[in-house]
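Everything below concerns the one structure shown next.
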Amino acid sequence: MTLDRRALLGGMTGAAMLAPFLAIERAMAQTAGDHTPAAGSPSLEEQQAMAAQHDTTMQDLFGENLFKNEQIAMLLYPGFTALDLVGPHYFFACLFGAKVHLVTTGPDLAPVASDLGLAISPTVTLEDTPADLDVLFFPGGTTGTMDVMKSERVMAWVKDRASRAKHITSVCTGSMILGKAGLLKGKRATSHWATFPVLEDFGAIPTDERVVKDGNILTGAGVSAGLDFAIALTEQLRGRDYAEALVLQAEYAPEPPIVAGSMTTVSAPVGHMMTQMFAPVAEQFRALAKG
């Protein structure tokens, strides 16, 4: 059994949070012929009062940011990196009123497999995606990302939706898609460390930060930076208090057992080996900047 996290944030606190479970317990008891209320169950009136009180508290704290109607499109393509997408999706899906579209580059709504085989079901095709978006988001990858950059159909869609989107965003090598679409010229941006230098080939200003904002362009660094990126964008969309609430809900307080997430903290032998391994990938992305 799972809990709706939006419902949790929306007022299911204390005993009220247990109401769905207690309702099931009551139903099971009635089926068995036992009409005795479950011990400790809050009455319907008590549940409603607690929910109303929490709704008031949330309204006082978040104000007009509590409920909006953002249209958010997240591109799914074969070979995308799942964590690039899943981290931000968690935060986007917790925005009251927002509609998150998982957009497939395929012809139908068949599940799209990530670079490591994790498949995610899309909700809409390119053609059926809303024309006007609040957030346009691109996860990264390697060969799958390059295939997107080579596709005239997909890149035409990227340019069209970006021409009207309020926020144009990416995580990891998703910034390469933005670069290919000509959206990063003269813009500060970041990417995965392996492709960070390639940003310059697309006319961008490589900026060595976890999350980089330049106008309506927001880019996140490699893979796990998607969480930091999503927090920053949540604050832009809904304010500091709302972002704090979701950070706490996600219990995002990283303390990695191994501190090696950048070239400044990784050991020299490992850093050298990884740089060599990813060098051909960087060159392939660089070649696409010339094409």
How far apart are the C-alpha atoms of Arg286 and Lys290, what are their side-chain angles, what is the distance that settles it, and do they pass the side chain to side chain contact (heavy atoms under 4.5 Å, CB included) test? CA-CA 7 Å; Arg286 181 168 282 115; Lys290 301 174 182 177; 4.3 Å; yes

Would you check if the distance from the ring center of Phe137 to the ring center of Phe229 is below 6.0 Å? yes

Does CD belonging to Glu235 count more than 12 external heavy atoms closer than 6.0 Å? yes

Within 6.0 angstrom of Lys68 NZ, more than 12 heavy atoms from elsewhere: yes

With rounding to the nearest 0.5 angstrom, report the OG1 to CG distance, Thr169 to Leu178. 7.5 Å

Kindly indicate, with the supporting measurements, whether the criterion side chain to side chain contact (heavy atoms under 4.5 Å, CB included) is fulfilled by Val103 and Trp157. CA-CA 11 Å; Val103 186; Trp157 178 88; 4.0 Å; yes

Could you give the distance from OG1 (Thr105) to CG (Asp147), rounded to the nearest 0.5 Å? 9.0 Å

Quick test of your reading of the model: are Arg153 and Glu127 salt-bridged, counting only N-O distances below 4.0 Å? yes

Show the nearest heavy-atom pair for residues Pro139 and Asp84, with the distance to one decimal. CB-CB, 3.6 Å

As an exercise, state the distance from CZ of Arg161 to CG of Leu126, rounded to the nearest 0.5 Å. 8.0 Å

Residue that, paired with Asp134, satisfies side chain to side chain donor-acceptor pair (under 3.5 Å) out of Lys166, His167, Gln71: Lys166

Heavy-atom distance under 4.5 Å between the side chains of Thr219 and Lys187, does that happen here? no

In the single-linkage hydrophobic clustering (I, L, V, M, F, W, Y; side-chain heavy atoms under 4.5 Å), do Leu75 and Ile120 co-cluster? yes

What's the verdict on side chain to side chain contact (heavy atoms under 4.5 Å, CB included) for Thr125 and Leu109, showing C-alpha distance, side-chain angles and the deciding distance? CA-CA 7 Å; Thr125 62; Leu109 299 183; 4.1 Å; yes

What's the verdict on side chain to side chain contact (heavy atoms under 4.5 Å, CB included) for Glu209 and Thr190, showing C-alpha distance, side-chain angles and the deciding distance? CA-CA 7 Å; Glu209 296 174 9; Thr190 191; 5.8 Å; no

List the atom of Glu64, the atom of Gln59, and the distance in Å for their closest heavy-atom pair. N-NE2, 4.3 Å

For the atom pair CG (Leu218) and CZ (Arg188), what is the distance rounded to the nearest 0.5 Å? 11.0 Å

In one Ile/Leu/Val/Met/Phe/Trp/Tyr side-chain cluster, 4.5 Å: Val212, Leu227: no

Would the distance check show the side chain of Ser191 and the main-chain N or O of Thr195 forming a donor-acceptor pair, the cut-off being under 3.5 Å? no

Where Asp214 and Gly186 come nearest, the two heavy atoms and their spacing: OD2-O, 4.2 Å

Note: Phe196 and Asp208 closest approach over all heavy atoms is CZ-N, 3.5 Å

Correct closest heavy-atom pair for Pro122 and Pro111 would be CD-CA, 4.0 Å

Can you tell me if Ser43 uses its side chain to pair, donor with acceptor, with the backbone of Glu46 under 3.5 Å? yes

Which residues pass the ring pair (Phe, Tyr, Trp, His ring centres under 6.0 Å) test with Trp193, not counting sequence neighbours? Phe278

So, for Gly174 and Ser170, which heavy atoms are closest and what is the spacing to 0.1 Å? C-CB, 3.5 Å

For Phe138, enumerate each residue passing the ring pair (Phe, Tyr, Trp, His ring centres under 6.0 Å) test, keeping only those at least two apart in sequence or located in another chain. none

For Arg238 and Glu70: C-alpha separation, side-chain torsions, deciding distance, then whether salt bridge (charged side-chain N to carboxylate O under 4.0 Å, His left out) applies. CA-CA 10 Å; Arg238 298 296 183 96; Glu70 298 97 338; 2.7 Å; yes

Side-chain heavy atoms nearer than 4.5 Å, only ILVMFWY residues, links allowed to pass through others: does that put Tyr90 and Val135 together? yes

Distance col, row Thr142:OG1 vs His192:NE2, nearest 0.5 angstrom, shows 10.5 Å

Neighbour count above 12 (heavy atom, 6.0 Å) for Asp60 CG: yes

Answer yes or no: is there a side-chain heavy-atom contact under 4.5 Å between Arg210 and Ser224? yes

For a 4.5 angstrom cut-off between non-hydrogen side-chain atoms, does Thr145 reach Phe285? yes

Side chain proximity check, Gln236 to Leu233, heavy atoms < 4.5 angstrom: yes

Point-to-point distance, once rounded to the nearest 0.5 Å, from CE of Met146 to OH of Tyr77: 10.0 Å

Out of curiosity, does Met74 fall in the hydrophobic cluster containing Leu83 (side-chain heavy atoms, cut-off under 4.5 Å, transitive links)? no

So do Thr234 and Leu95 actually touch side chain to side chain, heavy atoms under 4.5 Å? yes

Check whether any side-chain N or O of Lys213 sits under 3.5 Å from a backbone N or O of Gly215 as a donor-acceptor pair, and report yes or no. yes

Can you tell which of Thr129, Thr123, Val112 makes a side chain to side chain contact (heavy atoms under 4.5 Å, CB included) with Thr104? Val112

Is Ile72 reachable from Phe96 through a run of hydrophobic residues whose side-chain heavy atoms are each under 4.5 Å from the next? yes

Is there a side-chain contact between Arg164 and Leu133, using heavy atoms and a 4.5 Å cut-off? no

